[in-house]
Amino acid sequence: MKKIDSKIPEGPVAEKWTNYKAHQRLVNPKNKLKLDVIVVGTGLAGASAAASLGEMGFNVLNFCIQDSPRRAHSIAAQGGINAAKNYQNDGDSVYRLFYDTVKGGDYRAREANVYRLAEVSNNIIDQCVAQGVPFAREYGGMLANRSFGGAQVSRTFYAKGQTGQQLLLGAYSSLSAQVQAGKVKLFTRYEMEDVVIVDGRARGIIAKNLVTGKLERFSANAVVIATGGYGNAYFLSTNAMGCNCTAAVQCYRKGAYMANPSYVQIHPTCIPVHGDKQSKLTLMSESLRNDGRIWVPKKLEDAKKLQEGTLQGWEIPEEDRDYYLERRYPAFGNLVPRDVASRAAKERCDKGFGVNNTGLAVFLDFSESINRLGLDAMKQRYGNLFDMYEEITDVYPGDLANEINGVKYYKPMMIYPAIHYTMGGVWVDYELQTSIPGLFAIGECNFSDHGANRLGASALMQGLADGYFVLPYTIQNYLADQAIWPRISTDLPEFAEAEKAVDAELTRLLNIKGKRSVDSIHKELGHIMWEYVGMGRTAEGLKTGIQKMKELQKEFDTNLFVPGSKEGLNVELDKAIHLRDFFTMGELVAHDALSRNESCGGHFREEYQTEEGEAKRDDENFFYVGCWEYQGADKDPELIKEPLEYEAIKVQTRNYKN
Ligand SMILES: Cc1cc2nc3c(=O)[nH]c(=O)nc-3n(C[C@H](O)[C@H](O)[C@H](O)COP(=O)(O)OP(=O)(O)OC[C@H]3O[C@@H](n4cnc5c(N)ncnc54)[C@H](O)[C@@H]3O)c2cc1C
């Protein structure tokens with residue numbers, strides 16, 4: 001087995017990060033540093049990292065595919081961001097956030113990383129408040145909190161249902177200050193197509209100017225990718241349409257390990273699929289589970305009538321409703337973690353209790369909260385989410401619809417699980433460096449902190465922890481001895497070769513001149529992924545899925561049609577590149593899922609479940625990070641294991657019942 005050095009410093013878990021910072025060699029923002037750092041991505045992770053590195057004196061080259069950093073996918077984040085401030089005085093602490101996150105991830109995260117994340121969570125809130133992020137406040141002026149799944153305390157800071165947008169505007173203002181100061185140079189509408197390796201180190205990138213179509217070379221002393229997750233491999237997901245894994249997969253092809261790719265999060269509260277012309281799914285934030293109760297009918301005949309459209313949810317009285325999460329998990333109720341809630345919804349729908357015409361939906365009902373707190377209170381908390389739901393479905397969740405035995409019933413939302421987030425990603429050590437020296441990965445595109453299941457409101461926490469507080473320190477350990485290097489020339493043969501290979505690939509895709517559009521093949525890939533590598537996986541199904549993906553890849557390579565040329569704007573060509581990489585990623589997800597003969601978090605192998613249908617882990621054989629090494633286009637990837645080491649938390653079976 002190859003040895004993986006995760007560079008976790010010695011000492012008890014609570015002291016590692018403090019010790020670590022004390023040993024920094026180069027932390028002196030007053031130094032006139034001549035070091036260049038490429039940061040690819042301007043989501044919360046990328047923008048915060050670029051701003052912080054600029055402020056510390058580095059010369060930052062910051063890339064994104066959108067026309068403005070403010071349009072990164074992070075802007076879609078709705079519900080909130082966690083921190084262990086304990087403002088509610090409900091017993092929260094750094095340790096408790098650490099514990100909840102490790103437990104929520106089904107004991108498959110790296111313990112030391114999660115402790116560090118919990119520790120810096122409070123700094124993030126202070127930083128964002130200082131930037132002017134308008135977090136919700138209580139009447140007395142204190143920052144307000146709400147609860148998210150997997151926690152019994154209220155630790156989520158929020159700005160209505162637009163937390164990501166407000167946090168990104170904060171990060172963007174810091175970034176803009178550095179642009180103005182000349183420390184960050186922005187490259188919008190540029191896509192990284194490859195990483196350039198010189199003498200075993202990441203020394204630059206090849207990027208495509210998406211407007212002119214021209215390939216350009218950029219060199220730097222280090223490269224940071226913050227390019228988001230690979231959820232769109234499934235075609236239908238809650239991710240923005242532009243989300244892709246091209247940068248991460250190119251790094252993988254160049255030698256960076258991909259870790260735990262099978263850990264994909266399926267979010268329980270999304271607007272159900274309503275037809276085969278759809279290209280996007282919409283999330284209804286988990287925060288709604290603070291006040292919304294999830295249910296299906298108790299009686300199969302009621303479910304059948306709902307499916308036929310001869311009965312409406314609000315006509316079903318209280319005693320005939322099955323609030324199945326409250327029934328199965330009394331301690332956490334509607335606020336169980338996402339993987340648990342998603343599987344429970346699937347279980348009910350598989351048994352025939354689904355509530356819409358496809359049978360693939362459950363109710364999320366605010367009647368009880370509206371009766372108790374009033375509609376205005378709900379609007380204050382979730383106004384934009386209620387509006388969004390109405391715009392898409394033409395149903396307003398606050399509309400009074402019926403009264404039975406003196407109880408008022410309002411129109412409920414219908415929800416169903418959908419692909420939402422990817423816990424797996426590029427492998428990084430404790431310093432967030434990949435297995436290629438000089439190449440770092442932060443935010444959703446790395447695998448670092450969420451184990452097999454991410455708790456709600458912790459992606460923003462991780463992205464901003466990485467960008468504001470971790471990477472700016474750790475990258476300096478790498479850069480410390482890079483100061484002696486002169487600027488790397490982009491005339492080196494390594495740059496020329498990389499550019500030539502990207503150009504050849506673009507030509508190849510354009511010259512296939514087949515009959516199928518990128519979207520039609522992508523949709524088919526999505527169906528395969530959802531059916532065989534989705535919520536319930538089996539060894540047989542995964543093997544079939546891999547086979548079907550290989551066949552579809554052949555179709556892609558021989559029957560794809562990409563209109564236009566390499567010159568100028570060509571969105572179809574860009575999508576073709578993304579799809580090429582979703583194939584690689586999709587197969588990796590399936591290989592990892594097939595190799596992990598256990599169920600944990602979002603990875604549910606039907607062969608490995610308890611009698612009650614809960615995930616059954618096998619700690620004896622699978623207590624490791626699964627890292628995959630690229631072996632070539634026609635070969636299966638090779639698995640390398642990084643054993644997990646827990647010293648502070650006792651590994652046990654997750655329990656959300658009591
Ligand atoms: C609908 C929705 C709601 C969510 N709500 C929450 C929430 O309430 N709380 C929470 O904690 N999390 C939430 N999440 C998850 C969270 O939003 C994301 O995990 C997080 O924003 C990812 O941030 P990031 O910076 O890592 O990546 P992203 O925001 O995805 O940014 C990626 C960046 O990389 C750039 N990029 C990508 N590829 C390339 C390339 N090849 N070349 C150049 N640039 C490239 C893009 O332009 C972009 O700037 C939500 C997710 C969704 C989908």
Side-chain angles (χ1 to χ4, degrees), residues 38-50 62-83 124 146 148 156-168 171-172 175 186-195 205-208 210 224-232 237-240 242-251 265 267 269-271 280-287 338 385 388 418-423 425 441-446 450 454-467 574 577-578 581:
I38 286 174
V39 177
V40 187
T42 60
L44 279 171
S48 55
N62 191 194
F63 296 80
C64 71
I65 55 178
Q66 291 86 0
D67 55 352
S68 160
R70 286 169 304 156
R71 293 198 212 285
H73 159 67
S74 288
I75 204 158
Q78 300 173 347
I81 175 167
N82 287 332
I124 298 171
R146 55 189 174 200
F148 263 59
T156 304
F157 294 77
Y158 63 99
K160 268 198 173 175
Q162 329 169 326
T163 317
Q165 181 178 14
Q166 299 305 332
L167 292 173
L168 193 57
Y172 178 67
L175 184 65
L186 267 181
F187 294 87
T188 57
R189 307 197 81 180
Y190 271 78
E191 174 157 305
M192 168 179 163
E193 304 294 352
D194 203 359
V195 57
I205 63 168
I206 304 296
K208 181 170 176 256
L210 297 176
V224 181
I225 59 164
T227 48
Y230 49 87
N232 277 351
S237 86
T238 62
N239 288 192
C243 288
N244 70 92
C245 56
T246 286
V249 166
Q250 273 306 110
C251 293
Q265 177 159 84
H267 197 299
T269 56
C270 304
I271 299 183
K280 170 95 186 68
L281 293 176
T282 306
L283 176 77
M284 286 287 105
S285 167
E286 175 164 314
S287 58
R338 293 172 179 177
L385 299 172
M388 203 193 295
I419 295 290
H420 176 64
Y421 180 89
T422 50
M423 282 77 66
I442 59 175
E444 188 173 341
C445 84
N446 78 19
H450 308 295
R454 174 175 73 78
L455 288 187
S458 56
L460 303 183
M461 172 172 69
Q462 183 226 330
L464 290 180
D466 287 0
D574 302 335
I577 295 167
H578 296 168
D581 300 327

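Read the numbers this way: they start at 1 and go in the same order the structure lists the ligands and their atoms. On a predicted model such as this, the values are computed, not experimentally measured, just so you know. Atoms considered below: every heavy atom in the structure, side chains included; atoms not considered: hydrogens, waters and symmetry mates.
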Out of all atoms in ligand 1, which are within 4.0 Å of some heavy atom of [X]? Include the element for each.
{"X": "Thr42", "answer": "33 (C), 48 (C), 49 (O)"}
{"X": "Gly79", "answer": "7 (C), 8 (O)"}
{"X": "Ala72", "answer": "48 (C), 49 (O)"}

Pair Ser237, Asn232: side-chain N/O donor-acceptor within cut-off below 3.5 Å: yes
Does ligand 1 have any atom sitting under 4.0 Å from a heavy atom of [X]?
{"X": "Gly463", "value": "no"}
{"X": "Asn239", "value": "yes"}
{"X": "Gly164", "value": "no"}
{"X": "Val40", "value": "yes"}

N/O donor-acceptor pair under 3.5 Å between Asp67 side chain and Thr188 backbone: no
Asn244 contact mode with ligand 1 (heavy-atom cut-off under 4.0 Å): side chain
Taking every non-hydrogen atom, the tightest pair across Thr282 and Thr238: C-CG2, 4.3 Å
Under 3.5 Å: N/O of Leu460 near N/O of ligand 1: yes
